[in-house]
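Below you'll find the structure, written out as structure tokens, and then a few comments.
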Protein chains: 2
Amino acid sequence: MDKVREHIASLFKLSEGQASIFLSEFTRKEFKKNDIFMESGKICNKIGLIERGLMKCVFNKNGDEIIFEFAFENNFISDYYSFLTNTPSAKEIRCIEDTTVYVITRESLERLGRDHPFIESMSGQMNQMLFLKMHDRLKSSLLDSAVERYIKLISERSDLVQRIPQYLIASYLNIKPETVSRIRKKYII
Amino acid sequence: MDKVREHIASLFKLSEGQASIFLSEFTRKEFKKNDIFMESGKICNKIGLIERGLMKCVFNKNGDEIIFEFAFENNFISDYYSFLTNTPSAKEIRCIEDTTVYVITRESLERLGRDHPFIESMSGQMNQMLFLKMHDRLKSSLLDSAVERYIKLISERSDLVQRIPQYLIASYLNIKPETVSRIRKKYII
DNA sequence: CACCTTTATTGATCAAGGTCAACGAATTAC
DNA sequence: GTAATTCGTTGACCTTGATCAATAAAGGTG
């Protein structure tokens with residue numbers, strides 16, 4: 001858990017002690033490839049923090065999946081929208097690889113927040129990071145073509161591209177695998 | 001300013017006193033239709049709160065504008081992305097109607113934040129509201145067709161639709177005015 | 001190693017929405 | 001009231017990316 005703690009401490013500018021307090025309420029869980037971490041339709045009452053492995057968070061659009069996000073080592077994974085609004089999740093979270101994840105429940109987090117003011121500030125920072133991230137993606141979806149989105153992704157997220165099959169990358173970019181293949185043929189290699 | 005104060009107090013669950021403190025640092029400004037509130041390319045160092053009127057916040061995509069958002073009575077108006085990240089704004093904010101707006105600068109807000117802890121919590125709430133809003137729009141842009149986006153908008157934001165010319169609605173939905181016209185012909189009237 | 005499943009590529013065709021141009025209605029300006 | 005913009009509608013055509021189908025390549029599994 002040390003690497004995760006270090007990462008969290010630096011991300012939220014926490015002391016070692018604070019990071020330890022925060023992580024003390026997490027429980028380690030193991031998932032196999034294709035296991036479901038969170039079912040669609042339920043209110044999301046937990047937040048995961050991935051030690052090892054890879055998950056995807058997907059919408060279902062009349063039968064086929066549209067990837068909302070990926071999460072791997074040191075990333076949080078949750079439907080934070082459902083978590084905040086207390087509404088049933090429109091997303092499913094599933095493992096793409098065998099994954100080890102530390103999990104905290106809503107209750108534990110709230111209890112922690114009552115005892116430790118720094119948790120409140122973490123949640124503020126989290127909201128801000130998520131706003132910025134959503135903004136970036138919305139902007140890209142408003143302004144960029146499929147080609148531009150793909151080119152940006154492979155230059156900015158080569159970590160993802162290396163690790164994730166092309167048809168999942170396509171889904172994340174909201175384009176079809178065939179189109180990705182054609183873009184690659186035309187612009188790369 | 002009373003209506004605005006009331007609105008802010010209820011939105012952030014502030015006491016009358018807190019709302020007054022918050023608003024004390026705002027300066028009233030008047031703009032005419034077509035006046036620019038914030039130029040593209042500059043770091044956004046202010047937040048407006050509209051008392052009367054209507055503004056649009058737009059991206060420029062090779063010459064033509066794509067509307068990021070509208071703001072009117074009781075709404076905040078800013079490029080909060082630029083504000084938070086301290087990076088030059090990719091958006092321009094311009095008045096669609098004559099507009100009266102209360103404006104606070106970054107420095108004033110920071111000063112206020114140092115003296116009054118409740119301001120910190122307001123900013124946390126603001127980040128959360130913006131995350132949720134961005135999330136909704138991203139989701140819609142991932143899952144919905146032009147027709148679905150338009151139908152949703154007219155049912156959910158009839159206030160906007162009544163007040164804003166069709167070509168601006170089109171731009172907000174990231175579709176062309178001709179397409180809106182065709183959607184209306186096919187599904188409405 | 002041979003088989004089976006999953007993933008990627010390619011071609012042919014299709015659909016959604018964009019582009020361009022013309023026209024008409026509505027506003028605004030003089 | 002007439003001219004001049006601005007805005008909305010319509011038609012013809014075009015582009016992007018989706019769909020469908022076939023095939024090839026890669027990875028797993030017995």
Side-chain angles (χ1 to χ4, degrees), chain A residues 32-35 53-56 58-67 70 94-98 137 140-154 158 160-189, chain B residues 32-35 54 56 58-67 70 94-98 137 140-154 158 160-189:
Chain A
K32 288 283 165 201
K33 182 172 174 174
N34 275 320
D35 283 355
L54 176 61
M55 297 194 196
K56 64 184 176 184
V58 309
F59 288 111
N60 180 307
K61 184 186 186 182
N62 355 299
D64 53 25
E65 67 180 35
I66 299 202
I67 294 185
F70 298 105
R94 189 183 285 264
C95 298
I96 298 179
E97 303 172 357
D98 293 354
R137 291 195 61 198
S140 180
S141 114
L142 289 174
L143 301 180
D144 301 337
S145 69
V147 172
E148 288 164 333
R149 296 204 302 284
Y150 182 71
I151 302 284
K152 269 190 192 174
L153 188 76
I154 56 171
S158 58
L160 273 186
V161 179
Q162 248 127 73
R163 191 160 172 182
I164 291 169
Q166 210 164 287
Y167 73 100
L168 291 177
I169 296 290
S171 168
Y172 178 70
L173 293 170
N174 205 18
I175 56 188
K176 297 291 143 183
E178 295 93 327
T179 302
V180 166
S181 179
R182 291 182 176 110
I183 290 172
R184 289 175 58 80
K185 189 179 179 184
K186 197 161 173 191
Y187 293 94
I188 327 224
I189 295 175
Chain B
K32 288 285 167 200
K33 182 172 174 173
N34 277 320
D35 282 356
L54 177 60
K56 63 184 176 184
V58 308
F59 288 111
N60 181 306
K61 184 185 184 181
N62 355 298
D64 53 25
E65 68 179 34
I66 298 203
I67 294 185
F70 298 105
R94 192 183 282 265
C95 298
I96 298 178
E97 303 172 357
D98 294 354
R137 290 195 62 198
S140 180
S141 115
L142 289 174
L143 302 180
D144 301 337
S145 68
V147 172
E148 288 163 334
R149 296 204 301 283
Y150 183 69
I151 301 284
K152 270 191 190 171
L153 188 76
I154 57 171
S158 58
L160 271 186
V161 179
Q162 247 128 70
R163 191 161 172 182
I164 290 170
Q166 209 163 289
Y167 73 100
L168 291 178
I169 295 290
S171 167
Y172 178 69
L173 293 170
N174 205 19
I175 56 188
K176 296 291 142 180
E178 294 94 328
T179 302
V180 167
S181 178
R182 290 181 178 113
I183 291 172
R184 289 176 59 81
K185 189 179 179 186
K186 197 161 174 192
Y187 294 94
I188 328 223
I189 293 178

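Protein chains get the first letters and strands the later ones, always in sequence-line order, with residue 1 at the start of each.
- A 4.5 Å side-chain heavy-atom check between B/K56 and B/Y172 finds every atom pair outside the cut-off.
- Between B/L54 and B/I164 there is a side-chain heavy-atom pair separated by less than 4.5 Å.
- Using a 4.5 Å heavy-atom threshold, the side chains of B/Y167 and B/V180 count as separate.
- Atoms OH (A/Y167) and P (C/dT5) sit 16 Å apart, rounded to a whole Å.
- Here C/dG17 is the nucleotide among D/dT10, C/dT10, C/dG17 with the atom lying nearest to any side-chain atom of B/A146.
- Nearest to the side chain of A/T179, among C/dA8, D/dA18, C/dG18, sits D/dA18.
- Using a 4.0 Å heavy-atom cutoff across all strands shown, A/N174 reaches sugar-phosphate atoms only and no base atom.
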Original post:
Which letters describe nucleotides 24-30 of chain D, given B = protein heavy atom under 4.0 Å from base, S = only from sugar-phosphate, - = neither?
Top reply: -------
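- Note: OH (A/Y150) to P (D/dT16) measures 19 Å, nearest angstrom.
- Judged by atom type and distance alone, B/R182 does not reach the base of D/dG8 through any side-chain donor-acceptor pair under 3.5 Å.
- Residues B/S145 and B/E148 have side chains in contact (heavy-atom distance under 4.5 Å, counting atoms from C-beta outward).
- Taking atom NZ of A/K185 as the reference point, atom C1' of C/dA8 lies 12 Å away to the nearest angstrom.
- D/dG8 atom C1' lies 13 Å from atom CG of B/L168, rounded to whole Å.
- Within a 6.0 Å sphere centred on NZ of A/K33, heavy atoms belonging to other residues, nucleotides or ligands number 12 at most.
- Using a 4.0 Å heavy-atom cutoff across all strands shown, A/P177 reaches no nucleic acid atom at all.
- As rounded to whole Å, 10 Å separates atom C1' of D/dT16 from atom NZ of A/K186.
- Contact annotation: B/K176 does not reach the phosphate of D/dT10 (side-chain N/O to OP1 or OP2, under 4.0 Å).
- In this structure, CD1 of B/I66 is placed 10 Å from P of C/dG18, rounded to the nearest angstrom.
- In this structure, the CG atom of A/L173 is 11 Å from the P atom of D/dG17, given to the nearest Å.
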Original post:
Between A/Q162 and A/S158, does a side-chain contact (heavy atoms from CB on, under 4.5 Å) hold up when you go through it step by step?
Top reply: CA-CA 6 Å; A/Q162 248 127 73; A/S158 58; 4.2 Å; yes
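- The side chain of A/Q166 approaches C/dT9 more closely than any other nucleotide in the set D/dC7, C/dT9, C/dT7.
- A straight line from CD of A/E178 to C1' of C/dG11 spans 11 Å, rounded to a whole angstrom.
- Within the 4.5 Å cutoff, the side chain of B/K176 has heavy atoms near those of the B/D64 side chain.
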